[in-house]
Amino acid sequence: MSARTEQSGQRVLIAGAGMAGVQTAVQLRERGWPGAVTLLGAEPHRPYDRPPLSKAVLTGGAGSGTTPGSTPGSTLENSFGAAFDVAFDVDFDVLGVELLLGRTATGVRPADHELDTDAGPLPYDHLVLATGAEPVPLPGGGAGVHLLRTLDDAERLRPVLAARQPLVVVGAGWIGAEFATAAREAGCPVTVVEAAGHPLAGVLSPEVAGRLRRWYEEAGAVLLTGRTVTGVRPGGTQPYEVELSDGSALPARAVVAGIGARPATGWLAGSGVALDAFGAVLADDRLRSSVPGVYAVGDCASFPSARYGRRLLVHHWDNALVGPRTVASLLTAGEAGTPPYDPVPYFWSEQFGRFVQYAGHHGEGDEPLWRGDPDGPAWSVCWLRGGVLRALLAVGRPRDIAQGRRLIERAAVLDPVRAADPAVPLKSAVR
Ligand code: FAD
């Protein structure tokens with residue numbers, strides 16, 4: 001029997017219908033997978049994209065209308081009454097993908113090749129884990145505390161913004177900054193409480209992130225650093241009072257917690273699928289899990305990066321877009337036809353009127369090199385190790401990112417004098 005004939009009788013089951021799950025289905029079909037493909041998602045909505053949830057969807061800045069090929073179920077009305085369609089532009093019927101929505105995976109039994117779900121078991125020949133991540137809840141948080149991960153979360157937050165009352169945001173990371181931006185645009189007084197000494201503490205050094213403080217001030221948001229939220233209680237001049245570690249209290253109509261996300265893998269306990277210290281599926285360099293026939297993509301998986309000499313857990317859209325190509329290639333072309341997965345990580349953020357992009361990965365020992373005036377509207381920072389470009393942060397300089405990603409990929413050595421001159425294209429600063 002040819003490989004193709006054998007595959008046509010096989011079923012790929014994908015658990016999780018976010019970006020990574022949908023891309024796995026799309027990539028399998030694009031690469032000619034002849035067998036059945038079933039996509040299972042816990043949410044009732046047609047699969048949709050998350051980045052707009054903390055941006056245009058909250059503020060009313062995106063285009064409206066319906067996406068071709070989509071059906072109702074993933075639209076959201078903004079405060080101006082326009083409908084946003086955040087559904088992926090994918091026709092699952094045309095693609096020949098069976099969609100099982102509102103169905104939650106509860107366990108895997110590899111010996112039986114079965115996925116357990118809240119509506120009974122499903123058989124598989126190949127199982128792709130794509131259950132993404134879930135937000136870390138605020139310790140002690142209860143009524144009045146919101147998270148922002150899903151379409152339903154965004155739906156709950158729209159009237160909160162429309163009320164234009166004081167809000168407290170916990171965490172000055174990506175989600176906190178984007179939500180604070182939307183809340184200021186909507187006219188809400190906003191206080192952001194950050195445990196570290198500066199915004200984006202998990203990603204950037206104080207030297208670089210300290211420059212971002214000004215963005216909060218200019219937008220009229222109060223940024224309180226070095227403090228934590230110790231409790232949220234009803235009462236005061238607003239529905240809630242937010243208690244801080246310094247003994248002070250802030251009145252708030254609502255609290256939004258953006259204190260990180262962790263892989264949504266609790267349901268894999270006891271399955272034999274190995275997880276790393278962060279709870280991510282411990283995938284290999286072709287995104288195979290420790291269990292034969294089981295793969296993992298997107299926010300739920302970590303993978304070894306030869307480029308960075310360490311395991312990476314990437315919670316960004318581009319990783320959920322690109323990783324599925326490796327699994328689809330592995331299933332259709334085999335290991336020999338599939339290069340190891342070792343991307344240059346990339347993400348973007350829109351905050352306080354700025355387009356912020358980051359490519360690569362940097363750590364201790366990498367030297368920052370500024371390109372342009374960090375107090376101006378557009379600047380970048382390169383991180384170099386032994387002259388080799390490792391990572392790049394660009395604010396309002398998309399061309400730096402486009403060129404920088406390719407330079408990081410080829411481990412290009414930069415001339416530091418030319419690279420520091422923002423008038424010199426980054427690609428022309430290569431030694
Ligand atoms: P998810 O999108 O989380 O999808 C996983 C799906 O699996 C979910 O629908 C979930 O309901 C489902 N699921 C979970 N458990 C089960 C189960 N047991 N059974 C069945 N289904 C299950 N990245 C950027 O690079 N730039 C941005 O600007 C940006 N903005 C963002 C804004 C917001 C508000 C959020 C939340 C994320 C943002 N991201 C951004 C990150 C990006 O959206 C994620 O990296 C991406 O969505 C990951 O895709 P995924 O498919 O791995 O996971």
Side-chain angles (χ1 to χ4, degrees), residues 13-26 38-58 74 76 86-88 99-108 115-119 122 127-136 146-155 157 173-179 181-182 203 256-258 260-269 271 279-281 283 287 296-302 313-324 327 343 345-351 355-359 401:
L13 185 55
I14 305 164
M19 181 68 183
V22 168
Q23 278 303 314
T24 304
V26 168
T38 299
L39 181 60
L40 168 106
E43 294 181 65
H45 308 289
R46 199 172 168 79
Y48 62 88
D49 211 9
R50 280 177 215 287
L53 300 184
S54 53
K55 307 177 182 68
V57 162
L58 290 174
S74 311
L76 192 67
V86 286
F88 290 117
L99 205 51
L100 301 177
L101 298 178
R103 196 148 165 196
T104 303
T106 55
V108 187
L115 179 80
D116 287 319
T117 79
D118 56 356
L122 293 169
L127 174 65
V128 182
L129 308 172
T131 47
E134 52 204 7
V136 174
H146 293 253
L147 300 169
L148 179 50
R149 180 79 196 177
T150 66
L151 194 57
D152 292 341
D153 293 337
E155 183 72 69
L157 280 166
W174 301 112
I175 296 286
E178 291 197 351
F179 181 81
T181 302
V203 194
V256 176
R262 60 185 171 215
T265 54
W267 63 280
L268 289 167
S271 65
V281 176
L287 302 181
V297 287
D299 283 12
C300 73
S302 68
L313 171 58
V314 179
H315 278 182
H316 298 301
W317 189 91
D318 192 66
N319 177 56
L321 171 78
V322 181
V327 172
Y346 164 75
F347 68 83
W348 79 97
S349 170
E350 293 160 43
Q351 44 181 286
F355 189 46
V356 182
Q357 295 167 286
Y358 180 91
I401 283 286

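Both counts, for ligands and for their atoms, begin at 1 and track the order of listing. Everything quoted here is computed from the prediction, not taken from an experiment. For the single chain, residues carry numbers from 1 onward in sequence order.
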query = Hey, does Asp318 come in under 3.5 Å of ligand 1, counting only N/O atoms on both sides?
reply = no
query = At the 4.0 Å heavy-atom cut-off, does Ala133 count as touching ligand 1?
reply = yes
Nearest non-hydrogen protein atom, atom 47 (O) of ligand 1 = Arg50 CD, 3.7 Å
message = Once you restrict to heavy atoms under 4.0 Å, what part of Trp317 touches ligand 1? Side chain, backbone, both or neither.
response = both
ask   = Where is the nearest protein heavy atom to atom 9 (O) of ligand 1: which residue, which atom, and how far?
value = Glu43 OE2, 2.7 Å
task = Measure from the side-chain N and O atoms of Arg50 to the backbone N and O of Trp317, and report whether any donor-acceptor pair falls under 3.5 Å.
result = no
inquiry  = I'd like to check which ligand 1 atoms, numbered from 1 as shown, lie under 4.0 Å from a non-hydrogen atom of Arg103.
reply    = 20 (C)
ask   = Would you say Gly41 and ligand 1 have an N/O pair spaced under 3.5 Å apart?
value = no
ask   = Looking only at N/O atoms, are Ser54 and ligand 1 under 3.5 Å apart anywhere?
value = no
task = Could you tell me the residue and atom name of the protein heavy atom closest to atom 18 (N) of ligand 1, and the distance to it rounded to 0.1 Å?
result = Ala105 O, 3.0 Å
query = What atoms of ligand 1 come closer than 4.0 angstrom to any heavy atom of His315?
reply = 41 (C), 45 (O)
query = Under 3.5 Å between some N or O of ligand 1 and some N or O of Ala42?
reply = yes
inquiry  = Test side-chain hydrogen bond (donor to acceptor under 3.5 Å, both in side chains) on Glu350 and Thr181; report intermediate values, then the result.
reply    = CA-CA 9 Å; Glu350 293 160 43; Thr181 302; over 6 Å; no
request  = Specify whether Trp174 and His316 have parallel, tilted or perpendicular ring planes, treating 30° as the upper limit for parallel and 60° as the lower limit for perpendicular.
outcome  = perpendicular
request  = Please work out whether the ring planes of Trp348 and Tyr346 are parallel, tilted or perpendicular, with thresholds of 30° and 60°.
outcome  = parallel
request  = Under 4.0 Å, heavy atoms only, figure out whether ligand 1 is touched by the backbone of Ala130, its side chain, both or neither.
outcome  = backbone
note = Quick look: Lys55 vs ligand 1, heavy-atom contacts under 4.0 Å, and the answer is side chain
ask   = Considering only heavy atoms of Ile175, which atoms of ligand 1 have at least one such atom less than 4.0 Å away?
value = 32 (C), 33 (C), 34 (C), 35 (C)
remark   = For Met19, the atoms of ligand 1 under 4.0 Å from one of its heavy atoms are 49 (O), 51 (O)
ask   = Under 4.0 Å from any heavy atom of Ala320, which atoms of ligand 1 are there?
value = 48 (C), 49 (O)
